[in-house]
Visitor: 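One structure, pasted below without further comment.
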Amino acid sequence: MKLRNISIFVVVLLVLDQALKIWIKTHMCLGEAITVFPDWFQLRFIENSGAAFGMRIAAGGAFDWGKIALSLFRIVLIGLLIYYVWYLARKRSDVPKGVFIGLALIVAGAIGNMLDSAFYGLIFSASTPVTPAHFGDGYAPFLMGKVVDMFYFPLFRWESVPRWLSFLVDDNYYFFGPIFNLADTYISVAVIYLLIFHHKFFK
């Protein structure tokens with residue numbers, strides 16, 4: 001598979017990821033939910049400090065060293081992934097096309113979330129529960145922005161939840177599963193696909 005085709009595929013995936021995130025951030029209030037399919041699929045706008053699936057890392061004040069460390073780690077990892085794809089494309093002739101597709105999905109997902117962290121704090125105002133964000137009036141320095149998540153699947157509802165399990169449900173008593181974005185989906189689908197169909201190649 002040619003590097004040009006891989007690059008085009010990654011760019012298309014990135015455009016889809018960023019377009020959805022920007023629309024969510026500029027059209028929805030923080031915490032707002034839009035029901036796509038009743039009872040099981042919502043677009044619910046949340047932001048996190050950089051971990052996947054809506055998970056949050058501990059904040060460290062105005063200048064968050066934990067956030068910086070996570071961002072730098074991601075940049076190094078993305079660089080290694082890109083080099084690995086380049087190496088396979090240029091130096092190996094026995095690589096299945098599916099391996100390149102899976103790796104391209106992982107690269108696109110990693111870059112997609114990295115772009116949020118790197119630039120959203122510079123180009124957007126802070127999101128609030130009252131109004132959507134807008135371009136300008138940045139809220140955080142370079143590498144310290146927040147990642148936009150929106151896919152939420154409340155798979156079932158508990159009418160009577162014991163108090164000690166209340167942390168598992170939202171305000172409407174729906175099971176509070178992970179909230180994730182398109183970039184997270186790219187990575188998850190790619191990892192499962194590579195493990196199932198191409199695990200022999202990675203031996």
Visitor: Under the rule for salt bridge (Lys or Arg N to Asp or Glu O under 4.0 Å), what residues qualify as partners of Asp137, not counting sequence neighbours?
Guide: none

Visitor: Would you kindly confirm whether Val76 and Ile68 end up in one hydrophobic cluster when ILVMFWY residues are joined by side chain heavy atoms under 4.5 Å apart?
Guide: no

Visitor: What are the two closest heavy atoms between Phe201 and Pro96, and how far apart are they?
Guide: CD1-CD, 3.9 Å

Visitor: Would you compute the distance between atom NZ of Lys97 and atom CG of Asn5 and round it to the nearest 0.5 angstrom?
Guide: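 Here the interatomic distance stands at 8.0 Å.
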
Visitor: Show your reasoning for whether side-chain contact (heavy atoms from CB on, under 4.5 Å) applies to Val147 and Asp149.
Guide: CA-CA 7 Å; Val147 177; Asp149 290 322; 4.2 Å; yes

Visitor: With side chains defined as the heavy atoms from C-beta onward, is the minimum distance between Met114 and Ile75 less than 4.5 Å?
Guide: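 A side-chain contact under 4.5 Å exists here.
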
Visitor: Closest approach of Ala104 and Phe9, non-hydrogen atoms and distance?
Guide: CB-CD2, 3.6 Å

Visitor: Can you name the ring-ring contact (aromatic ring centres under 6.0 Å, His included) partners of Phe37, sequence neighbours left out?
Guide: Trp40

Visitor: Roughly how far, to the nearest 0.5 Å, is CG of Asp17 from CG of Asn113?
Guide: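 Here the interatomic distance stands at 6.5 Å.
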
Visitor: Are Gln42 and Val36 close enough, and set up right, to give a side-chain contact (heavy atoms from CB on, under 4.5 Å), and what steps lead you there?
Guide: CA-CA 5 Å; Gln42 298 177 5; Val36 181; 5.9 Å; no

Visitor: State which residues pass ring-ring contact (aromatic ring centres under 6.0 Å, His included) with Phe73; sequence neighbours excluded, sorted by chain then number.
Guide: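 Once residues adjacent in sequence are excluded, Phe73 has no partner under the ring-ring contact (aromatic ring centres under 6.0 Å, His included) criterion.
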
Visitor: Using the salt bridge (Lys or Arg N to Asp or Glu O under 4.0 Å) criterion, which residues pair with Lys25? Sequence neighbours excluded.
Guide: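 Glu47.
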
Visitor: Are Val189 and Ile196 in one and the same hydrophobic cluster, where Ile, Leu, Val, Met, Phe, Trp and Tyr link if side-chain heavy atoms are under 4.5 Å apart?
Guide: no

Visitor: Under the side-chain contact (heavy atoms from CB on, under 4.5 Å) test, which residues partner Lys200, sequence neighbours left out?
Guide: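 Checked Lys200 against side-chain contact (heavy atoms from CB on, under 4.5 Å); zero matches.
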
Visitor: Could you work out, with ring-ring contact (aromatic ring centres under 6.0 Å, His included) as the rule, every residue matching Phe151, not counting sequence neighbours?
Guide: Phe180

Visitor: To check you understand the geometry: which heavy-atom pair defines the closest contact between His198 and Tyr193, and what is its length?
Guide: NE2-OH, 3.0 Å

Visitor: Do the non-hydrogen side-chain atoms of Arg4 and Ser7 ever get within less than 4.5 Å of each other?
Guide: no

Visitor: Only counting residues at least two apart or in another chain, list the ones meeting ring-ring contact (aromatic ring centres under 6.0 Å, His included) with Tyr186.
Guide: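 With neighbours one apart ignored, the set is empty.
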
Visitor: With a 4.5 Å cut-off on side-chain heavy atoms, are Leu105 and Ile187 touching?
Guide: no

Visitor: Could you report the tightest heavy-atom contact between Cys29 and Pro129, atom names first, then the distance?
Guide: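 Result for this residue pair: CB-O, 3.7 Å.
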
Visitor: Identify, with sequence neighbours excluded, every residue that meets side-chain contact (heavy atoms from CB on, under 4.5 Å) alongside Trp23.
Guide: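 Scan of Trp23 (side-chain contact (heavy atoms from CB on, under 4.5 Å), adjacent residues dropped) gives His27, Met28, Ile34.
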
Visitor: Could you grab the distance from atom CG of Leu194 to atom CD1 of Ile106, nearest 0.5 Å is fine?
Guide: 5.5 Å

Visitor: At their closest point, which heavy atom of Asp184 faces which heavy atom of Asn181, and how far apart are they?
Guide: N-OD1, 2.8 Å

Visitor: Can you list the residues that meet the side-chain contact (heavy atoms from CB on, under 4.5 Å) rule with Ala110, with sequence neighbours excluded?
Guide: Ile78

Visitor: Would you please name every residue forming a side-chain hydrogen bond (donor to acceptor under 3.5 Å, both in side chains) with Arg92, sequence neighbours left out?
Guide: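 side-chain hydrogen bond (donor to acceptor under 3.5 Å, both in side chains) check on Arg92 returns Asp94.
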
Visitor: So, using side-chain hydrogen bond (donor to acceptor under 3.5 Å, both in side chains) as the criterion, who are the partners of Asp116 when residues are at least two apart?
Guide: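 side-chain hydrogen bond (donor to acceptor under 3.5 Å, both in side chains) list for Asp116, sorted by chain: Gln18, Lys21.
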
Visitor: Ring centres under 6.0 Å, that's the criterion: do Phe135 and Phe124 meet it?
Guide: yes

Visitor: Counting N and O atoms only, with roles assigned by atom type, does the side chain of Thr35 sit under 3.5 Å from a partner on the main chain of Pro38, one being a donor and the other an acceptor?
Guide: no

Visitor: What's the spacing between Leu81 CG and Trp86 CH2 if we round to 0.5 Å?
Guide: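 Leu81 atom CG to Trp86 atom CH2 measures 15.5 Å (nearest 0.5 Å).
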
Visitor: How long is the straight-line distance from CG of Leu88 back to OG of Ser93, given to the nearest 0.5 Å?
Guide: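 Between Ser93 OG and Leu88 CG, I get 11.0 Å after rounding to 0.5 Å.
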
Visitor: Look up atom CG in Leu103 and atom CD1 in Ile6, then write down how far apart they are to the nearest 0.5 Å.
Guide: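 Leu103 CG to Ile6 CD1: 8.5 Å, rounded to 0.5 Å.
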
Visitor: Can you name the closest pair of heavy atoms from Ser117 and Lys67 and give their distance?
Guide: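 In this case the closest contact between Ser117 and Lys67 is OG-NZ, 3.1 Å.
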
Visitor: How far apart are the C-alpha atoms of Leu72 and Leu143, what are their side-chain angles, what is the distance that settles it, and do they pass the side-chain contact (heavy atoms from CB on, under 4.5 Å) test?
Guide: CA-CA 8 Å; Leu72 292 176; Leu143 297 180; 4.2 Å; yes

Visitor: Whether the side chain of Tyr139 engages the backbone of Ile123 through a donor-acceptor N/O pair (distance < 3.5 Å, no angle test) should be reported.
Guide: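 Side chain of Tyr139 to backbone of Ile123, a donor-acceptor pair under 3.5 Å: no, none is there.
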
Visitor: Answer yes or no: is there a donor N or O on one side and an acceptor on the other, between the side chain of Ser125 and the main chain of His134, under 3.5 Å?
Guide: yes

Visitor: Report yes if some heavy atom in the side chain of Val99 is under 4.5 Å from a heavy atom in the side chain of Phe202; otherwise report no.
Guide: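 Yes, side chains in contact.
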
Visitor: Would you say Val107 and Val11 are hydrophobically clustered, going by side-chain heavy atoms of ILVMFWY under 4.5 Å?
Guide: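 Different hydrophobic clusters.
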
Visitor: Mind checking what makes side-chain contact (heavy atoms from CB on, under 4.5 Å) contact with Phe119, not counting sequence neighbours?
Guide: Leu115, Leu122, Phe142

Visitor: Step by step, would you call Ile24 with Leu20 a side-chain contact (heavy atoms from CB on, under 4.5 Å)?
Guide: CA-CA 6 Å; Ile24 292 288; Leu20 177 59; 4.1 Å; yes

Visitor: Determine, using the 4.5 Å side-chain heavy-atom cutoff (strictly less than), whether Val130 and Leu30 are members of one ILVMFWY cluster.
Guide: no

